[in-house]
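Input: a single structure, listed below in structure tokens.
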Amino acid sequence: MTPTIPTEQIDRIVWNQHHDPFTVLGPHQIEQDGKSVWVVRAYLPDAEAVYVVTPDQHKEYPMYSVHHPHFFECIISDAPHLFSYQFKVKSGDSDRLIRDPYYFKSPLLTEFDAYLFGEGTHYQIYEKMGAHLTTIDNVSGVYFAVWAPNARNVSIIGDFNSWDGRKHQMRKGNTGIWDLFIPDLTVGTVYKYEIKSPEGHIYEKSDPYGYFQEIRPKTASIVTDLNTYQWNDRAWLEKRRTEDPLKKPISVYEMHLGSWMHASSANPPESGYPAVSAADLKPGARFLTYRELAEDLIPYVKEMGYTHIEMMPIAEHPFDGSWGYQVTGYYAATSRYGTPQDLMYFIDKCHQNDIGIIVDWVPAHFPKDGHGLSFFDGTFLYEPADVRIGEHKEWGTKIFNYKRSEVKNFLIANVLFWFDKYHIDGIRVDAVASMIYRDYNREAGTWLPNEYGGRESLEAIELFRHLHSILFTYYPGALSIAEESTSWPMVTWPAYSGGLGFNLKWNMGWMHDMLDYFKLDPYFRGHNNNYLTFSIWYAFSENFMLALSHDEVVHGKSPMIGKMPGDEWQKFANLRCLFGYMFTHPGKKTMFMGMEFGQWAEWNVWGDLEWHLLQYPSHKTLQKYVSDLNKLLRSLPELYTQDFTQEGFEWIECNDTRNSVISFLRKGEDGEFVLVVCNFTPVPHHNYRVGVPAKGFYKEILNSDAPIYGGSGIGNMGGKYTDDYGTHGKPYSIDVTAPPLGVVILKYRGEV
């Protein structure tokens, strides 16, 4: 049989060099001997014989090898219209029926999709890119689309085609997006993209938009359907949409899911999900699944009184030791703890228990792992080519090309994806400073100034402004929290006013000042009073969150309890004092797991928390204290409604360096207020006179030195009445007992 197309076209298919195999393979109408006929072509590398089968007409048409033993053609002259068919493929002693992917010619990704993606404004691009269950012409299968504009050609490989890149070659569109519909594939299909560079080098890549991946150390993507889970959190989402989160109490339990608590590998998950080994350093231990965490973690967080859980990165990452901060699958919930539906179940249950979910989002860098985004299509695609702006040398990672529209679209849509598909309530953005400064951690001469000669990354700034202008439009009530460690102005100002658009920022200055202060022997604290008070000078310039995070209890920095001076009693008293000041200081709160009960060891990602310590009274009472602080925060609008305005805070005394005692008021929008007195020495101060603005009774509603918290029991016998003479510029005063290393909170009850 003579080929019906040039042999050069056949060779390009056989040698996997064709950018549009649809022009060669599948059904085509041609003229032959003055008559219109159909020709069907197929390239099937493992076939010995092939027939075109028409199930409706019960006909078989033999196909013939032309030019190449595995390239088949057949001419069908008795069918005036295009018809549905299958291939009957003979290989050895077996026959099988398969559908022809090149029969389904119309791309599901439209020109308008491609236009918006190229513009950087396709905010649901994850609905089109990646792998999606689809039905075309009553045939179900999976539609694949991947952006690789500089690739010579791209194929889909997996178990279904013996990982042979010749079998399912994709078509390249005008915008560099390759696509193909493969019939009869289902949920659970394991796949990768085989990408050939312009030079002919072959890369096997996970799907950048893939929803699920194999359990590490494997790296292939897995087809899944995110629309099957039935959510039960409509009331939560509606409430979030209609409320201002900045006027609500926020106390965040930051945690790493894989090291909060482990289970025994001898007891596999009841859900049937595989037991995933936690670490070689801890043989016999496995990760809890998302569903198991829902059963164990949610009651704990609820009892502790936290309002939110912040999960360190749960997007897919290859190395446990990166803590999740070196992401390869930005759209894939890590398979370490279960399926995407299992994570949805966990978040749904959190919402049903009035717990919000914040996820760490990492747009600052990505790793160089071969299956990831690095050098994706054989060129610098997601990253700039110039290492002066394209690589973090100290982290060994790549930087996103924030200037490229398609990359910005990838990142912005990724945030919206987590809100859309997983119903998260907020993001905490890692390493913002490394993005907005081009000279971040770089020596002179190793960084590239912007077009105006400055050190600012104009592209990253624009990315954040663009992101937040969309995020808060789509999801009112959402949180976007910046980990920004410099004095960059207006981080939490709206994008339209020139800010970066976040609505919260970690107060790194407060954190460093507090830890520097509390590590001092109390004898020297009076000479360093500025550590305590300086934060109020700038407390209302941004919407700050006070964070004691995982970064403060690793790499030899000591656990939080270990930073405290003195004997064991004083260490716990100091920690209660620190937490008490934190919860009464303006700003929202974040505390890393293990701090709430005084873990003695630094956080270890390979282990789990030292839960056995709760058998000892000092740890158990500290845990109760933190729980009561959280519950007090929730119950007192004075402590949260005016976190970001000067009207919510007033010093009473901040200069008593001789006694190391400070006192201040926290005020609510309704005029209610509480008085806070903090004694940062182990010496109790009886008859300590504090000025107050109103006459009446001040009830002691929390005393960190109470016996139930492990304290010495020195207090104010339930409260104090005012005396009719003033001090500190106030018309009245009360005679307070300030317990050793203690925080006392007194609520004004009026003239009773």
Side-chain angles (χ1 to χ4, degrees), residues 1-108 134-144 155-156 160-161 164 166-173 179-186:
M1 179 178 178
T2 303
T4 59
I5 54 170
T7 56
E8 179 269 337
Q9 291 286 318
I10 297 175
D11 286 340
R12 290 178 64 191
I13 292 292
V14 170
W15 293 103
N16 207 350
Q17 294 179 343
H18 210 296
H19 74 281
D20 188 2
F22 282 87
T23 61
V24 177
L25 303 175
H28 297 268
Q29 199 166 25
I30 64 172
E31 291 288 329
Q32 188 178 71
D33 300 329
K35 181 182 177 183
S36 180
V37 298
W38 287 97
V39 59
V40 179
R41 307 188 191 103
Y43 176 52
L44 299 167
D46 57 356
E48 297 173 2
V50 184
Y51 299 84
V52 174
V53 178
T54 58
D56 295 339
Q57 300 172 347
H58 306 288
K59 290 185 178 181
E60 289 189 2
Y61 301 90
M63 302 186 77
Y64 300 95
S65 298
V66 292
H67 184 66
H68 188 278
H70 295 137
F71 189 91
F72 300 89
E73 278 191 345
C74 89
I75 294 174
I76 301 174
S77 58
D78 59 352
H81 303 290
L82 181 63
F83 55 92
S84 176
Y85 62 86
Q86 293 175 283
F87 292 138
K88 183 168 77 172
V89 180
K90 290 183 174 291
S91 299
D93 296 331
S94 65
D95 292 356
R96 69 184 191 278
L97 281 175
I98 63 172
R99 297 185 189 273
D100 181 7
Y102 301 102
Y103 170 84
F104 305 91
K105 293 182 179 295
S106 298
L108 298 187
T134 308
T135 299
I136 302 178
D137 295 340
N138 296 317
V139 176
S140 62
V142 177
Y143 176 75
F144 297 89
S155 301
I156 304 160
F160 57 90
N161 63 12
D164 189 336
R166 299 172 296 172
K167 295 182 178 180
H168 290 97
Q169 302 176 40
M170 303 180 78
R171 163 182 52 194
K172 183 181 182 180
D179 75 329
L180 184 67
F181 173 75
I182 303 181
D184 299 323
L185 294 188
T186 59

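Quick note: numbers below take in every heavy atom, side chains included, and nothing from hydrogens, waters or symmetry partners. In this chain, numbering begins with 1 at the start of the sequence shown.
Under the 4.5 Å side-chain criterion, counting only non-hydrogen atoms from C-beta, L25 is not in contact with V40. Taking the side chain as every heavy atom from C-beta outward, F87 and L97 never approach each other to under 4.5 Å. Residues I76 and V37 have side chains not in contact (no heavy-atom distance under 4.5 Å, counting atoms from C-beta outward). Annotation: side chain of I182 is not in contact with side chain of D184 (no heavy-atom distance under 4.5 Å). At a threshold of 4.5 Å between non-hydrogen side-chain atoms, the residues D11 and Q17 do not count as touching. Residues I75 and T4 are in side-chain contact: their nearest non-hydrogen atoms beyond the backbone lie under 4.5 Å apart. The shortest side-chain heavy-atom distance between I156 and M170 falls under the 4.5 Å cut-off.
A salt bridge links E73 to R41: at least one charged side-chain nitrogen sits closer than 4.0 Å to a carboxylate oxygen.
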Going through the distances and angles, do Y103 and Y85 end up as a ring pair (Phe, Tyr, Trp, His ring centres under 6.0 Å)? CA-CA 9 Å; Y103 170 84; Y85 62 86; 5.5 Å; yes
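For the side chain to side chain donor-acceptor pair (under 3.5 Å) test, no residue two or more places apart in sequence or in another chain qualifies with Q32. For the side chain to side chain donor-acceptor pair (under 3.5 Å) test, residues two or more places apart in sequence or in another chain that qualify with Y143 are D179.
F22 does not carry K105 over the face of its six-membered ring by the limits of under 6.0 Å from the centre and within 45° of the normal.
D46 pairs in a side-chain hydrogen bond (donor to acceptor under 3.5 Å, both in side chains) with only one of the listed residues (H70, R166, K167), which is K167.
Taking the six-membered ring for Trp, H168 and F144 have ring centres at least 6.0 Å apart.
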